[in-house]
Protein chains: 2
Amino acid sequence: MTRIVEPEAGPRSKRAAILTAAVDCFGETGFEATKWSTVAERVGIGQTALYHYFESKTHCLLTIMRVELQRSHDRFVEATKDAADPVEALRAAVRAAYDVSPQEVLQMRILQNHMDLLSGSRRSKREEDERVAARQLVQVVERDWTNLLVKGMSQGSFPLRDAQLLGASVLGLIVSVWRWYRPSGPTPLSEVSELIEGACVRMVAS
Amino acid sequence: MTRIVEPEAGPRSKRAAILTAAVDCFGETGFEATKWSTVAERVGIGQTALYHYFESKTHCLLTIMRVELQRSHDRFVEATKDAADPVEALRAAVRAAYDVSPQEVLQMRILQNHMDLLSGSRRSKREEDERVAARQLVQVVERDWTNLLVKGMSQGSFPLRDAQLLGASVLGLIVSVWRWYRPSGPTPLSEVSELIEGACVRMVAS
DNA sequence: AACTGAACTGAACTTAACTCAGGTTGATCT
DNA sequence: AGATCAACCTGAGTTAAGTTCAGTTCAGTT
């Protein structure tokens, strides 16, 4: 369990700017469809300067995914830490999952669209490190949900079921939204959040 | 609504063999990670022969996705056509979704991992045709589920809720399984099927 | 046997990611 | 202020994989 430390930013580092631009491009246009050089242009540097910060286009993608996973986990912990009962914790966790900025919507979309990257191992060290870190965070997040369910079940709030499988399903349900949701679309996120919150509670607690 | 007609196979056509090989490769290794030339090798032809059957690697992928979507729709219709009540129809539809061969598991995985391809339009005609056809089928499948819910709601079997949104959620829950499920994994598909079936009924009917 | 269209091939082309060898900049220290 | 050094950046060149092209082979038909 080696946690990746973010390279501390030198005063003229463009790392953050690159990540932001990459999230926009990858999120709107798709990872494969966006040229790495376009990201450079948007930041205002030559293409090769990107390699000062990231080993490859994929390394940048993996970084985005890892950061987003970390954020998801942090928010889950923050949201559930002082919930009275399991049902309230569940509700709070779902609401937290949809309490996101437009930028974070893109990050979730990117994350969901490239989960498969986390399976196969990578050639280069830094890429592989990010991949492993991201993979571990996926498991952490899955455990977050499973633990919530286990607690509720042992406490009698939820009927007994396979908590692992049910946890994965709840999580799958929640994140499936990011495949189709668009801020510009007809359905506001608040509406999604409410419906999914109810659905999760019924799934788990009835 | 122009439905793509499968090019009728000449007696020595390798189209089917290519699709099978591609499903194996794309499913196991991932689309980006598998070299188009590897597919050719596995079929036993030169790389350039592939272009006799498909305009591009992506065209092949889109074809796989469209075929799988068509299959999903057909199975849904078949499974629900003679169900007594809405709850039974719902149960039957979920069971049908998981009543699949190993090859079909791969196809679902490929489909789920590349849904984003269906958003942006394609340069060449044949690719674009496949994309549009696939997109339409996505909507058809979504309508399948929505209609099922609408019927159940109007019939009083399901409480009234946003059927569109709930339909998308149910579908999202069901297909989310294909991101992590592996035939070689610890959880048999029958177990998944039962848990999800229950979860869907609770989500929709309680 | 000549013909036809489907099936195929080797060599050349294209594109976008990436490497390299070196140049510039600016924060920091004396 | 001037020197220094690491961080930062660049243009030119390389590579790999998908794709195109200009034909060739093969099986069935007339």
Side-chain angles (χ1 to χ4, degrees), chain A residues 5-22 25-26 28-64 110 114 117 120 122-128 130-131, chain B residues 5-22 25-26 29-64 110 114 117 120 122-131:
Chain A
V5 297
E6 299 293 342
E8 76 279 24
R12 19 172 210 149
S13 172
K14 299 235 169 69
R15 193 169 182 277
I18 292 171
L19 281 172
T20 307
C25 291
F26 297 170
E28 307 285 0
T29 319
F31 175 72
E32 302 299 337
T34 75
K35 291 184 226 170
W36 200 205
S37 61
T38 304
V39 176
E41 259 176 49
R42 191 170 295 204
V43 176
I45 56 179
Q47 340 182 14
T48 50
L50 293 170
Y51 293 89
H52 183 70
Y53 300 98
F54 297 100
E55 207 170 30
S56 65
K57 192 185 170 193
T58 304
H59 179 221
C60 177
L61 173 63
L62 286 166
T63 303
I64 291 170
I110 294 167
H114 298 95
L117 256 186
R122 308 254 96 212
R123 289 265 180 53
S124 69
K125 175 146 180 15
R126 292 171 69 198
E127 266 184 28
E128 178 65 5
E130 287 286 5
R131 185 189 73 85
Chain B
V5 298
E6 299 293 341
E8 76 278 28
R12 5 167 226 159
S13 170
K14 300 233 169 71
R15 193 168 183 276
I18 293 171
L19 281 171
T20 307
C25 290
F26 298 169
T29 319
F31 175 71
E32 302 299 336
T34 75
K35 290 184 227 172
W36 199 206
S37 61
T38 305
V39 176
E41 260 176 48
R42 191 171 294 205
V43 176
I45 56 179
Q47 339 182 19
T48 51
L50 293 171
Y51 293 88
H52 183 69
Y53 300 98
F54 297 100
E55 207 171 28
S56 66
K57 194 185 171 192
T58 304
H59 179 221
C60 178
L61 173 62
L62 286 166
T63 303
I64 291 170
I110 294 168
H114 298 94
L117 255 188
R122 308 255 97 212
R123 287 264 181 55
S124 68
K125 176 148 182 10
R126 292 171 70 198
E127 266 184 28
E128 178 65 5
D129 287 349
E130 286 287 6
R131 185 190 73 86

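Numbers restart at 1 for each chain; the letters A, B, ... are given by sequence-line order, proteins then strands.
Residue B/Phe54 contributes atom CZ, which lies 16 Å from atom C1' of C/dC8 at whole-angstrom precision. For A/Arg122 and C/dA17, the CZ to P distance is 14 Å, given to the nearest whole Å. The distance between atom CG of A/Leu50 and atom P of C/dA17, rounded to the nearest whole Å, is 10 Å.
When all heavy atoms are compared, the tightest approach of B/Arg12 to B/Tyr53 is O-OH, 4.0 Å. Nearest heavy atoms, B/Glu6 versus B/Arg15: OE1-NH1, 3.1 Å. Of all the heavy atoms in B/Ala17 and B/Val43, the pair that sits closest is O-CG2, 3.9 Å.
A heavy-atom distance below 4.5 Å is found between the side chains of B/Phe54 and B/Leu19. B/Arg122 places a side-chain heavy atom less than 4.5 Å from the side chain of B/Leu62. B/Thr58 places none of its side-chain heavy atoms less than 4.5 Å from the side chain of B/Trp36.
At a threshold of 4.0 Å, the pair B/Arg131-B/Glu128 counts as salt-bridged, since one of the basic side-chain nitrogens sits closer than that to a carboxylate oxygen.
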Where protein sits on nucleotides 15-30 of chain D, one letter per nucleotide: B base, S sugar-phosphate only, - none, heavy atoms under 4.0 Å: --SSBB-----B----

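Listed for the B/Lys57 side chain is a donor-acceptor partner under 3.5 Å among the backbone atoms of B/Thr34.
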Counting Watson-Crick and G-U wobble pairs with both distances under 3.5 Å, what is the dot-bracket string for DNA chain D, 5' to 3', using [ ] for crossing pairs and | for pairs to another strand? ||||||||||||||||||||||||||||||

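B/His52 has no side-chain polar atom (N or O) that falls below the 4.0 Å cut-off from OP1 or OP2 of C/dC8. Taking side-chain N and O atoms only, B/Lys14 has a distance below 4.0 Å to OP1 or OP2 of C/dC8.
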